[in-house]
Structures are given as C-alpha cells and as structure tokens.
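Worksheet for the structure shown next.
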Amino acid sequence: MGTGGGTAASGGAGETRHGYGVHGSVDRGAGAQEHRRGPAATVPGRSGAPGAESRGGGSGTADGTDTHAGRFGVAGPGGVPGGAPARGSAPRGADSPQGTRRRGLGAWARRWTGGRGEQPPGPDAYDDGSAADPGRTPPAGAPRRPETWPDPAALLLTALGPGPRLWERGPGHPEALTVRLGTADRSAPDGSGLLPAVPVTAALREAGALGLAGPRPRLSGLARAVLAQLAALHSPDLLEIVLISADHARPVAERTAEWAWLGWLPHVRPGHGQDCRLLLAYDREQAAARTEELLRRVEDHAATGRSAARPAPARDADRAAATGVQGPTAPSGTPAVPGRDTAPGPSGAPAPNPLSRTAGRPGTEAQHGAPAEPGARRPSWAREDVGTGGFPGPYTVVVVDGDPGGAALREGLARLAVAGPRAGIHVVCLAETETASPVSPVHRTYEAACDVTPTFRHCGAVALLSGDVAAALQLLRVAPGGPVGPGTLAAVDAVSAAWAERFARALAPLRPDGPADERHARVSTPLPRSARLLDELGLARATPASLMARWADAADDTESLGGRARAVLGAGPRGPVTVDLVADGPHLLIEGPAGSGRTELLRTVVASLAAAERPDRLAVVLLDGRDGVGTGAGHGEGLRVCTDIPHVTTHLIANDPVRMREFAQALAAELKRRAELLGRTDFARWHAGQEVSGRMVAQRGPASGDFVAQRAPAPGSLTSSAAGSLTSSAAGSVTSSAAGDIESPPSSTLRLRPGAAARQRAAAAPPLPRLVVVVDNLDALVSPALGSPGRPAAGSVIRALEAVAREGERLGVHLVAAAGAGGRTAESEPARRAALRVTLDTPQPGPEQPAPGRGTLAYADGRAVGFQGGRVTGRIPRTATQRPTVVPLDWQRMGDPPARRPVRELGNGPTDLALLASAVDRAAREVSAARIPPLL
Ligand SMILES: Nc1ncnc2c1ncn2[C@@H]1O[C@H](COP(=O)(O)OP(=O)(O)OP(=O)(O)O)[C@@H](O)[C@H]1O
C-alpha cells in the first residue's frame, strides 16, 4: 500500500515495503509549499504551539510564519552548530537538498528492526551523536540507539513479539503521545549529505487536538498507523482510545468494517467504569454517552484542580536533561551529548532512563541551540502543568471520524478538543476530503475538512494529505484564522486494514503488569446507585487467607503503629472511599436524616475496620444510643448484627441505666489505664518505642520466640489487673501462654534464653490495641427523650464520650458516631472534635434514585469526596445469577451499556456481614489473636 516516498506497510510484516525520502514522490503542488530554511523555523519555544488560548486570542506564534516545525513537525537538527543529529532525527523546516543518500539501506534495516540493536553498528555518520566529529564511526560494540519513532514494520514486530519496546512510553517520557505521520529527507546540519526518511512527528500533548484530512483509503491508512503507534508504545493503563464514528453519511456496515480492527486493542476496553463493553461509538447515543463521560472528566479535573497533581519525577528529570543539552542553563553533570546516552537495554530495548531519551531527542531542544525555558515548548494551556510535570495520565485519545451530527454532540466534541487536553484528553479528528493539490489548495482543503467534520476546526495541528495519489501530507499548525505557514511536507505513513488487524490481534491478549490501582490513578466516574462493601473491599469471596494477608500488611505499616484504623465507606468516583482514623481523624461523625443509612454506614465502618486489622491490635466497642434498638421497637437490629465480629468486645444499648453507668466508668477507666501506661508519650510513639526495644532484645536472642520479645512492653511500665488474660502478640506467629490464648509457644524456647522469665511476664501484660468506640444515635444520648429508660444515665455516658473525644487521639482511642443533623449534638464535644465528617443525603424514592447511603465525606482540610455507602447487611448474592450467560454481540453494539440481570438476594440466606464475620473469626484463630477483654 505504501507508495511514493512514505514508509508504508501492507498486509503484514512480510509485505512491508519502504521508500526513501521525498524525492519524486512528494507532491509539491500549490498547497505544498517549500519548507523554509533558517533558524527561525527551528527554535523550539518560538513557534507558539496551538492551544485553546492561542486559537482564541491570536497569540499563536512569535514569528508569525513559523509553523509547527518547532513542536510538531520534522524532528531534527537545525540550530546547534556542530550539533549532531541522531538517527531518527531530522532538521526542522529545512529543505532536503538532493544530496547523497548515504547508508540508506543501513537506515532502512535499522528502522525495520526498530533499532533493536542486534545489527552491528553501521557507519552512519550521525549515529554516534558526536558533536566533535559527526563523521566518526562509532566504536565497535558501542550501544545502538533505537529509533525514537518506530516505523510500521517495527511496530508490528513489537506487537507480534511482543517486543521490548511494547508500551515503553510512560507519562514522563518526552515522546509520550507523539506520533509519527510520515518521513521526509533532510540535509545533515554539517552539510555532509542527506538524511533519508527522517520521521515527521506531531505531539498531541502540544497540539492539543490533531486533524487528519484526505481521501478515505489513504486517510484510513494514516489513521491506522497513528493509532497503532499509540497502542504499541503506551500501555492501556496510561492510554485509552475512544472511537466516535457515527457519521450517517457513511453506512454503518462500512464504518464498523473499517474500524473492526480497533476493537481488539486492550486500549478500547472501559477501564474507568464506563457503561459499555468497548469504547466504540457507532451511533449517536453511544457517541453522546462517551462524550458525556469525557466532558465530565474535564469538569471534574477543573473542579479538583488536578493540574496540581504531583510531578512525574521523570518529567522534571527530562527537562533538566534537555536543558543540559542546550548549554547555558544546563546543570553541571547532566548528560549532554544527544544520541550518546540512550543506550539500548540488554535486549536492545531503549534504556529505561528517560533522561537519555530526552537528551537523545534531537530536533527539539537538543538541536536548536535555544535554551529551554521551562514551559516555553509547551502551549499555553499546558504551561500551568509544566512545573508539576504535565498531566500525569491516564490519557485518552478520542478518534472522531466524520460528523456525528446533532448540535449538542458537535458542541461537546468541540469542547473536548479545546478543553480536553488539560485533562489528558486529545482528539484525533478525521475528515474525508479531496487530496490537497493545485486544484484544492491547502486552505480550501482545510475548509472542506471543517465542513465535513466540524471538530476539525478545533484542532491545533492538521495534516492534509496531498499529491495525486495522496501519498504525501502537509503538516500545519493552526492559528485562529486557520492553518499557517507552508507547513512541513512529508511522505505519509499508512498501513492496511489487514496489517492493523494483525497488529491489534497480537496485542489483544496482553495486559499490563501489577495491581491495577498501583499502576495508574483512576479517572472520575459517576457514583453507582448502590454498592456492596465486600466488592469495594476487594473481598467478594471473604476468605481467612485474604484477611490474614491484609493484617500482615497492616503489621508492617509504620504509619499506623499500634494498629491500623482504616475503614472503607463505599464506592467513590475514583474507587473505594477510605477513611483513616489515624492519619485523618481521630474521630468521625456521620450525620444524616432518619433512614439515610447512618446505622448501615456504622456497620460498614466496623466491618471494614475488622478487615483491615487483626483483633488484638484493634478493638471495637458498640453503643446504641436509642433504647428501642434491637428490641423489636421498630428500629431494626442496630449495631447488634456486628457483634459476631471478633474485634467487637462490648455492645451496649442505652436502655439500662445501671449498665450504662458501668459502661461509662469502664470507658473512663480504660482511658486512665492508657494514660498511665503511656505516661508523657502518645500511642504511636509508645508503640514505636516497643518496636525499638523489641528489636534490641531480638538481636541478642535466638530467632525463635523473638515475637514475644518484640511486642513485650518494657518491664515495669505495666499496670494491670487483667494481666494473665491477654497477650501482646501483634503479628501473629506467637502468643503468650496466658489464659485465653488459642495457642501457646513452646515454653522451652523461652526458658533457654536469658531473661526469658522477665519477657514472659512482659508478654502477659495487657496489650494496647487501638480502640474504636462506635456510637449510633448519639443525639438520643445528648438529648434523651423524656421517659426513656436510659435517660438517667445518659449524662454519664456522654461525659465518658467527651473524654474520648478530648483525649482519645493521644491514647489511641477513636470515636465514630452517627447522629441526626443539627440540634444539640452539633454543640457536643464529640461533634466538635470530629475531624472527619460524613453527611448523608435524604433518600429519594424511585428505582432511578440512589439507595440510602449516598453522602459526602469531608476532611478537616476542606477536601470532600462523594460516595455511595457500601452495604454490608445485604444477603449474599444468589450464586445462580452469577452463572455465565452467552450474549451475541457485534461491533456495532459494543458501545451499548451491557445488559445486566438484576442480582437477586437470597431471601433468607446469610448476609455479607455474617460471611465476613465468619471469615474474620477463622482468620483470628489462624493467627492466634487473643481476645481483648470487654469493657463490661
Ligand atoms: N448503603 C446502603 N445501600 C442500600 N441500602 C441501604 C444502605 N444503607 C441503608 N440502607 C437501607 O436503608 C434503610 C435505612 O437504613 P438505616 O437504618 O441504616 O438508616 P438510619 O439513617 O440509621 O435510619 P434510622 O435511624 O431511622 O434507622 C434500611 O432499610 C437499610 O437497609
């Protein structure tokens, strides 16, 4: 399929053919003007990349005539005297004299193999990147630099391998989202000859949106080549691809046939909760759904100021390296020779060091001799991100093929093209036009493209196919008035449908490595109407082993010394919403009207606290402030259903003044005990001290039995009458021989060691777990109803809770309380001292409305996040509904929401809470966790 001078491939790797240079093949009609020479066209940062502001405000270029060449054009040398280009680089805006094509075959072979390094170093004068002696042959064995912008053949090999370059570009990579559109011959900067087939590239992050226009067959070939590059070089975690091909001017069968290959890519799978099977839109509804999702993301980004996201470290490093290459502002010691420091990895893959990549990216900063001002290369809309490393991803490339119709949709896509780049969303717009030629000069072709695809007008850079057989393209920057400058002429890259299908099927089974949430931040999605806690916890099949793994992880957590108190509340816009009582607390207040799901949320908190930490490091005390709870007085079971969880040591209902007073005294006594034990230190530091003293003992002693020693409080620092009934084992392998222990260590181990008796006494001391006091209906305690049985003792309970609110943070005691909004409760100490606050919405009836439990979590620093509370007392879903079902699908319907059968609950089966409690109980036995004594 490749014709003329382009590097093109068709039908698969075996049929790949290559051409060289532009000579004789690139149309130079009226629309395809000569490239300008001279430094003005080659200085990065001067050309003013297109962007939202520049389009609106006319602040496009500094020199007015410069095009994209400095940013999204031919890469290559141009400004640095003696600066040596590396292979794969090109001068910008410089014409290609009819010079010698030295080592063209060598260049071909290297590009064909994607620069894998298996071929011996060639004699290419520019390969070694030596500024001093560009013609010097690189020393034997010198590492080869791979092609920065691989050609289609290299891409296919990468996918089929899969090769080492697969998904090589992360967010910090200087070439992330930069695509090669074709090639052009360029003269070497030292005048030594011609660099053949130098890549011509466009950077989406700089252009914002990219338009491609031309006759359909070649346009499709170019679009396939562009998307294949993106898919091969960026992982599906970093980049999702959305297709909107809903132009009714073409039959849907034709559109689906043309794009069928794209459906195989892992990048079109909905990774952020989108309601579809694949991110492919072939009709207006699907297109509207995808556009809406993306616009919401843009708004969400603007609202949360995500541009202040933490810097991608590599990015700053890149910039430093780029600056270093250019001289004046270079930090000393920065690798400065382009082309030298991008060594292939062991398998010929590019070195992972992004420093090298930037330094080895001639044609941008490295080659032009202009000191890189931070932000100068980037368009105005991106500049605010410069200091923070740019948008950190994940990115979205939206392919808009033709006009989907409908004013709202058009407007939405226009907004995406203009505002999307701030949120990492870049439009690649395809418009079917005639080839640019003397008959249809550039401006006319551009207007024709804007007519057939209105989104085209919002692209910051456009590539117009030109020439009799559309084998060339002209890459132009777009200013407010339309394309400017003569642009860059190149031979087009294009691949056939068969090539693309083979490529995409090769990628189809591949997945990125590692746990999903560690790989990339999730983008914002709408809240679900209901949520299941076990799903949010990732414990759909709650097993003792999965809980033990979490508890072991908590034991290593230095942030939560003494016990982790982290609870998942439910589903948020970016995954589960978690409160950390240690880091963000110490106390949590849940407010909401009756029926809003306060009690359920308290159960959710208790259940997820238990899933996060073992029961001898975290204890829970439950208090139902309303006297009718659990007595059939119409208020349900309250917190009683949580009492099967081994962490729960005490449950009190406020209907018995005697027990309530005892409870208040016991709680106060526990605070006193902790205060005496901790002395002047606090809970976390005390545990840190225990760790240190434990390690010192452990160093002297033999390996076995160390756990007892590690966790034993220092002798003499103990109080307690409860000694002997408890253990201080924390991580679970050994417990003391105290009463109530499930397993005891072999006592001979301790006897053999010096000082063992003292340590044994220490091990039997009372532990100091974190304690969470969970109170439902706090308002019923603050303002007890006249005649309620608990009224006489409510005051003493409240005083004890106030003491917890005041002193709990230092003592490792947390309060989680639920109450109706406002009233006297707001004035109470527990409410005033709650750093974390949840406000639940009034539930609305109706199947379309969210279930109770919808609310907002607010942090002390003003941050807030909405969530749908995770239900934990729902019945375990019927397994029958989870049987696999077979649904016939075709490409056309992949963008529809998947048909869902309602998950029916077993009417009388166990609840999720019961399932979890049972697993927690078994896990606690497995780790020999001792029970914490009840308060009462
Ligand atoms: N997250 C949730 N998902 C689905 N249903 C929920 C959720 N939370 C609560 N519900 C349901 O809403 C109803 C009220 O819940 P809950 O008793 O927790 O509310 P409340 O605010 O404590 O009200 P009250 O104090 O009047 O009992 C219950 O039927 C419960 O099953």
Side-chain angles (χ1 to χ4, degrees), residues 526-537 540 567-573 576-579 588-608 622-642 653-655 774-785 788 790 816-823 825 837-857 865-877 902-914 916:
L527 296 178
R529 278 203 286 272
S530 63
R532 184 179 173 224
L533 177 68
L534 294 191
D535 290 338
E536 298 307 312
L537 284 173
V568 170
L569 300 184
V577 169
T578 305
V579 285
L588 166 68
L589 180 69
I590 297 167
E591 291 176 301
S596 58
R598 296 168 304 187
T599 307
E600 183 70 6
L601 192 56
L602 289 178
R603 297 171 187 146
T604 297
V605 168
V606 173
S608 54
L622 304 177
L623 171 58
D624 268 316
R626 197 153 55 187
D627 52 27
V629 170
T631 58
H635 294 305
E637 280 290 293
L639 298 176
R640 184 189 298 281
V641 291
C642 298
I653 298 174
N655 57 5
V774 178
V775 186
D776 197 5
N777 298 305
L778 177 69
D779 37 4
L781 287 168
V782 173
S783 316
S788 67
V816 176
T825 315
R837 282 171 183 266
V838 164
T839 309
L840 291 173
D841 301 345
T842 307
Q844 306 291 335
E848 292 301 306
Q849 298 299 327
R854 173 66 59 99
T856 307
L857 166 67
V865 58
F867 67 92
Q868 174 63 39
R871 191 163 181 227
V872 71
T873 56
R875 307 279 165 193
I876 301 172
V903 176
R904 274 173 292 150
E905 294 176 352
L906 276 179
N908 55 358
T911 62
D912 280 346
L913 184 60
L916 183 70

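Computation of the quantities below employed the complete heavy-atom set of this structure, encompassing side-chain atoms and omitting hydrogens, waters and symmetry-equivalent molecules. Whatever order the structure lists ligands and atoms in, that order sets their numbers, starting from 1.
The shortest side-chain heavy-atom distance between Leu601 and Val838 falls under the 4.5 Å cut-off. Between Leu913 and Cys642, some side-chain heavy-atom pair lies under the 4.5 Å cut-off. Using a 4.5 Å heavy-atom threshold, the side chains of Glu600 and Arg871 count as touching.
Applying the 4.0 Å criterion to heavy atoms of Pro593 picks out, from ligand 1, the atoms 21 (O).
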- Task: List the steps, then state whether side-chain contact (heavy atoms from CB on, under 4.5 Å) holds for Glu536 with Leu569.
- Result: CA-CA 9 Å; Glu536 298 307 312; Leu569 300 184; over 6 Å; no

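When the heavy-atom distances from atom 18 (O) of ligand 1 to Glu600, Arg626, Gln868 are ranked, the shortest goes to Glu600. For the residues Gly853, Pro852, Gly869, the heavy atom positioned nearest atom 7 (C) of ligand 1 is part of Pro852.
Atom CG of residue Leu602 and atom CD1 of residue Ile590 lie 4.5 Å apart, to the nearest 0.5 angstrom. A distance of 4.0 Å separates CG of Leu639 from CG of Asp624, quoted to the nearest 0.5 Å.
For Ser596, there are no side-chain hydrogen bond (donor to acceptor under 3.5 Å, both in side chains) partners, not counting sequence neighbours.
Taking only nitrogen or oxygen atoms, main chain and side chain alike, Gly597 reaches within less than 3.5 Å of ligand 1. The distance criterion of under 3.5 Å between nitrogen or oxygen atoms is not met by Ala594 with respect to ligand 1. Checked against a 3.5 angstrom limit, the closest N/O atoms of Arg603 and ligand 1 fall outside it. Residue-to-ligand polar distances keep Thr873 apart from ligand 1: every N/O pair is separated by 3.5 Å or more.
Residue contacts with ligand 1 for Ser596 involve both N, CA, C or O and side-chain atoms from C-beta outward (heavy atoms, distance under 4.0 Å).
Note on ligand 1: Gly595 sits in its first shell, one or more heavy atoms being nearer than 4.0 Å.
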